[in-house]
Student: 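Okay, here's the structure, questions in a sec.
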Amino acid sequence: MSLYNIDPSLTSSWRALESHAAEMSSFDLKSDFIQNPSRAKAFSLEWDGMFLDYSKNLINEKTKSLLLGLLDEVKLKEAIEAQFSGEIINRTEGRAVLHTALRTDSKDEILVDGQNILPEIEGVKAKIKSFTDGVISGQTAGFTGKAFTDVVNIGIGGSDLGPSMVVDALGFYRNHLRVHFISNVDGDHVFQTLKDLNPETTLFVVVSKTFTTQETLTNATTSRQWFLKSAPKEAVSKHFVAVSTNIEKVTSFGIEENNIFPMNDWVGGRFSLWSAVGLSIALAVGYDHFQSLLEGAGAMDKHFRTTPFDSNMPAILACLSTWYINFHDVQTEGVIPYSQYLNQFATYLQQAVMESNGKYIDRNGKEVTYRTSSVVWGEPGTNAQHAFFQLLHQGTTLIPCDFIGFKESLYQNQEHQDKLIANFFAQTEALMVGKTKEQVLGHKAGIADAQDSTVPFKVFQGNRPTNTLLIDRLSPRSLGQLIALYEHKIFVQGVIWNIYSYDQFGVELGKQLATSILSDFENPESSVHDASTLQLMKFYKD
Ligand code: F6P
């Protein structure tokens with residue numbers, strides 16, 4: 001069990017996939033569905049309330065078997081075990097990667113530095129439960145004895161995107177607490193949010209794994225100043241709590257040790273919503289729903305760890321995405337949820353995917369010779385249909401998309417639901433079948449119509465691939481499954497590409513330069529920057 005260091009492009013599966021991609025260049029999905037009546041079934045998977053139809057992809061049985069062969073050659077099975085058992089697979093940061101430990105129901109020990117981490121996880125969960133129960137019931141109140149009405153999560157990146165996406169996605173399950181998210185160092189973000197809040201009834205949750213992040217510390221300081229305009233200093237302890245690994249920095253910021261919800265360095269920021277970083281989620285929906293979210297993710301973890309790859313959802317999704325990125329030169333992939341609740345899902349995935357796998361150096365420290373992460377983007381359907389779908393249907397770029405929907409609507413309005421799902425299915429069908437010149441002309445007769453100059457504009461090439469993920473119902477549990485599905489897909493692709501998915505050195509340079517520019521604003525001429533940046537600094541300050 002280990003994370004191996006295997007250049008995928010040197011494997012026999014990779015070479016076979018290259019020649020297979022050439023063979024498949026004239027593959028026509030529509031015809032294959034006609035020739036192969038079992039195609040839809042053969043390329044579908046059902047597991048625990050989730051149905052994945054991946055038959056509308058540019059693949060055949062040979063593609064699948066070559067991709068599965070690649071997973072074996074890069075030793076995915078061993079990599080999964082290395083991750084779940086707490087090996088230091090984040091080698092560039094010298095850390096284990098154990099967000100899965102936060103949602104396990106197994107009592108088997110998971111050791112980090114020789115210590116079983118499960119008791120500590122249970123301890124933090126108990127603290128989250130008692131705190132959230134108190135705030136929701138009103139027993140834990142503000143400095144004037146009034147119950148809290150508003151919660152402000154201050155964090156950025158993984159300390160914001162995960163909780164914010166989940167709180168939004170679980171809107172149906174929310175209680176009376178209004179939860180706000182402040183992330184951007186743009187002062188307008190914090191002041192716009194604080195404008196309508198009452199300090200007596202507002203709870204601040206400052207979330208920062210490192211507690212060194214400029215944006216978060218600035219927003220937390222500004223929020224505390226705002227609070228202290230109407231409250232005595234002693235009241236801070238009732239209104240400010242923190243989530244962090246850095247106890248020292250939090251206490252020197254002025255938050256009491258008792259008000260700290262600890263997290264550990266074996267949880268990566270973008271995988272941390274399952275830890276105390278999820279405090280705002282537990283406040284918004286109550287602890288039991290937070291626990292269900294963890295259970296859903298835990299169920300997906302088991303599926304991923306124990307299911308053979310030919311019917312393993314994260315492995316299959318990772319294979320398909322790799323097929324397009326590495327063998328069809330695809331650069332971007334869409335994620336289109338047919339649920340307004342998943343409005344922030346693509347934004348959340350952007351950090352999870354691109355901060356993890358947007359790397360050009362492999363585990364040998366050498367430049368990769370193949371493409372790694374795609375650009376991920378998306379918006380909920382049906383809105384997206386009226387925005388960028390034109391390009392999906394008739395653009396010049398191949399953009400594989402994941403379509404995600406729920407069989408049941410939460411408010412049970414069947415008319416809306418049928419229309420929503422009809423649109424969902426129609427889009428994947430249209431992308432696949434397209435519309436030929438003959439079909440465009442179909443309803444017309446005569447030579448004059450055949451010469452209609454608008455015909456080419458109305459032809460759809462089709463053959464554009466999609467995955468369809470149909471889930472029974474949006475619940476905390478199924479959302480947990482869905483998020484974990486994508487987390488594992490990211491991991492599998494990192495293993496295939498032989499990169500370190502759990503570091504993020506690429507965000508550091510910009511942070512350093514921002515610090516230097518900030519201190520150089522006063523004396524741009526004596527500072528060392530390129531001519532364009534100097535000109536901008538001068539223009540800004542003049
Ligand atoms: O800038 C990137 C990053 O380090 C992310 O990986 C992380 O989620 C975010 O900043 C916030 O970091 P922290 O939780 O330490 O404030």
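Start at 1 and go down the list; that is how both ligands and their atoms are numbered. Since this is a predicted model, take the numbers as computed values, not measurements.
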Student: Mark up the atoms of ligand 1 that fall under 4.0 Å of a heavy atom belonging to Thr213, in ascending order.
Tutor: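 By the 4.0 Å cutoff, the relevant atoms are 12 (O), 13 (P), 15 (O), 16 (O).
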Student: Does a salt bridge link Lys209 with Glu93, judged by any charged N lying under 4.0 Å from a carboxylate O?
Tutor: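 A salt bridge is absent here (no side-chain N lies under 4.0 Å from a carboxylate O).
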Student: Please list the nearest protein heavy atom to atom 9 (C) of ligand 1 with its residue and the distance rounded to 0.1 Å.
Tutor: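 Of every protein heavy atom, Ile156 O, 3.6 Å lies nearest to atom 9 (C) of ligand 1.
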Student: Measure the distance from atom 15 (O) of ligand 1 to every protein heavy atom, then report the residue, atom name and distance (to 0.1 Å) of the closest one.
Tutor: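 The answer is Thr210 OG1, 2.6 Å.
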Student: I'd like to know whether NZ of Lys541 has more than 12 heavy-atom contacts from other residues, nucleotides or ligands below 6.0 angstrom.
Tutor: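 Counting neighbours around NZ of Lys541, more than 12 heavy atoms of other residues, nucleotides or ligands fall under 6.0 Å, so yes.
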Student: Would you mind running through ligand 1 and noting each atom that sits below 4.0 Å from a heavy atom of Val507?
Tutor: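 With Val507 as reference, the close atoms of ligand 1 come out as 1 (O), 2 (C).
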Student: Using ring centroids (six-membered ring only for Trp), state whether His99 and Trp274 fall under 6.0 Å.
Tutor: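 Ring centroids of Trp274 and His99 are no less than 6.0 Å from each other.
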Student: In a check of ring pair (Phe, Tyr, Trp, His ring centres under 6.0 Å) between Phe204 and each of Phe240, Phe148, Phe253, which one passes?
Tutor: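 The passing option is Phe240.
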Student: Backbone N or O of Tyr370 within a donor-acceptor pair of the Asn326 side chain at under 3.5 Å?
Tutor: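 Such a contact is absent between Asn326 side chain and Tyr370 backbone.
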Student: Less than 4.5 Å apart, side chain to side chain, heavy atoms only: is that true for Leu118 and Glu109?
Tutor: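 SC-SC contact between Leu118 and Glu109 ruled out.
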Student: Is it true that a side-chain atom of Asn175 and a backbone atom of Ala284 form a donor plus acceptor pair closer than 3.5 Å?
Tutor: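 Indeed, once roles are kept as given, a pair shorter than 3.5 Å links the two residues.
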Student: Taking both backbone and side-chain atoms of Thr216, is any N or O found less than 3.5 Å from an N or O belonging to ligand 1?
Tutor: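 No; the residue has no nitrogen or oxygen that sits under 3.5 Å from a nitrogen or oxygen of the ligand.
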Student: Is the contact between Gln504 and ligand 1 made by the side chain, the backbone, both, or neither, using heavy atoms and a 4.0 Å cut-off?
Tutor: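 The answer is the side chain of Gln504.
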Student: Can you tell me the protein heavy atom closest to atom 5 (C) of ligand 1 and the distance?
Tutor: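 Scanning the protein heavy atoms, the shortest distance from atom 5 (C) of ligand 1 goes to Glu355 OE1, 3.4 Å.
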Student: Does Gln351 come within less than 4.0 angstrom of ligand 1, counting non-hydrogen atoms of the residue?
Tutor: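 In this structure, Gln351 qualifies as a contact of ligand 1 - some heavy atom is under 4.0 Å.
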Student: Looking only at N/O atoms, are Gly158 and ligand 1 under 3.5 Å apart anywhere?
Tutor: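 Yes: some nitrogen or oxygen of Gly158 is under 3.5 Å from one in ligand 1.
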Student: With a 4.0 Å cut-off on heavy atoms, is Lys511 touching ligand 1?
Tutor: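 Flag set, Lys511 near ligand 1.
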